[in-house]
Amino acid sequence: MKQLFPITPLQEVNDSILEKAGVQMLVKRDDLIHPHVSGNKWRKLKYNLEEFEKSGKTSILSFGGAFSNHIYSLAAAGKIFGFKTIGIIRGEKTKLLNFTLSYAESQGMELHFMDRETYRMKDSSDVLQELKTQYPDAFFLPEGGSNVYALPGCAEIVGEIDLPYHYICCAMGTGATMAGISFGAPHDKKVLGFGVLKAEGYFQEQVLKFQTEAGIFKDNWQVIENYHFGGYAKINRELVSFIENFKKTSGISLDPVYTGKLFYGIYDLISKDFFKRGESIVVLHSGGLQGLEGMKPLMDRFLEKKS
Ligand SMILES: *Cc1c(COP(=O)(O)O)cnc(C)c1O
């Protein structure tokens, strides 16, 4: 498939912690792929768009919460490339749509709200069958855009790294991005995935599941589970101040749900001498900055409490 968006830069971060540890940090700025079709959600969508075209369907239907980066990106991509999108949104419809959903609707996405109980069963054949009857012309994409077609797009990230390195680090929600990167990464590189939710063993299982589906097995990856801050979208003051500080020293914005936890974890590992002097780590900035909008009030509250 042709290059639809520009190749994203690799930006070196310099600060006293990295200097003291003798570790080089290169940030793969996938947050700069496109202002709205963000980071890894584009990587995962890319080859799904090919499958969609082959399928002869006329719209893409997918799933997500009210703050979903995936829903936001899918809606934007639908508008740009000219296909219809349907978002199955977890929870009841609120009188006023939030930032994410009003943007999605502005891009032409049809929003279909699903109560939480049914949503939990969204991958069951009963629920899927009902949606397929209701939307017969739709190509079904799982939550987060995470399926086997998501992997080759993520693998391409690796081919764009044109400097020497030892590690590639990324955040993990479903693990599809990490599984794809592990496919793309040569055997002498180590892929570290930082889980952003609390579910022991879940990420390991997910990567194995994607590998089985793709029929490709590699063991160049490791899951790091202890930087979830209590669960998905759970944050605390320490994380929020870290994000503030990192923005000041590097100029790079992070979101508190994914990339904030990822970078926090990396700096903590550096402080524990996990990486050797002279090693170089590439960190994937997977985007998701639209999510800051929804988290801002809570983040501000943590910062106010500091003084
Ligand atoms: C969705 C998302 C992730 C998680 O990707 P998975 O493929 O589900 O592991 C990571 N970072 C950002 C910014 C995201 O929006």
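First listed ligand is number 1; within each ligand, the first listed atom is number 1. Because the structure is predicted, anything quoted here is derived from the model rather than measured.
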Undergrad: Can you tell me the protein heavy atom closest to atom 4 (C) of ligand 1 and the distance?
TA: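 Result: Gly173 N, 3.5 Å.
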Undergrad: For Met178, state whether at least one heavy atom is located under 4.0 Å from any atom of ligand 1.
TA: no
Undergrad: Below the 3.5 angstrom mark, is there an N/O of Gly175, backbone or side chain, next to an N/O of ligand 1?
TA: yes
Undergrad: Measuring from the heavy atoms of Gly39, does anything fall under 4.0 Å of ligand 1?
TA: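 No.
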Undergrad: Under 4.0 Å from a heavy atom of Gly287: which atoms of ligand 1 are those, numbered in the order shown and with their elements?
TA: 13 (C)
Undergrad: Is the shortest distance from a heavy atom of Lys44 to ligand 1 less than 4.0 Å?
TA: yes
Undergrad: Distance only, no hydrogens: is a donor on one side chain within 3.5 Å (strictly under) of an acceptor on the other, for Tyr103 and Glu293?
TA: no
Undergrad: With distance as the sole criterion, is a donor-acceptor pair present between the side chains of Tyr267 and Asn245 under 3.5 Å?
TA: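 No, Asn245 and Tyr267 have no side-chain donor paired with an acceptor closer than 3.5 Å.
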Undergrad: By number and element, which atoms of ligand 1 are closer than 4.0 Å to a non-hydrogen atom of Met172?
TA: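 Checking each atom against Met172, I get 9 (O).
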Undergrad: Within 45 degrees of the ring normal and closer than 6.0 Å to the centroid, is that where the cationic atom of Lys189 sits relative to Tyr165?
TA: yes
Undergrad: Counting each atom of ligand 1 from 1 as listed, which ones have a heavy atom of Gly288 under 4.0 Å away?
TA: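 Those of ligand 1 that fall under 4.0 Å from Gly288 are 13 (C).
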Undergrad: Is the closest side-chain heavy-atom distance between Tyr72 and Thr100 below 4.5 Å?
TA: yes
Undergrad: Under the salt bridge (charged side-chain N to carboxylate O under 4.0 Å, His left out) rule, what pairs show up with a residue in residues 54-70, not counting sequence neighbours?
TA: Glu51-Lys54
Undergrad: Looking at Phe274, is Lys190 sitting on its ring face, NZ or CZ under 6.0 Å from the six-membered ring centre and within 45 degrees of the normal?
TA: no
Undergrad: Are Lys132 and Phe140 in a cation-pi contact, defined as NZ or CZ under 6.0 Å from the six-membered ring centre and within 45° of the axis?
TA: yes
Undergrad: Which bit of Thr177 gets closer than 4.0 Å to ligand 1, counting heavy atoms only: side chain, backbone, both or neither?
TA: both
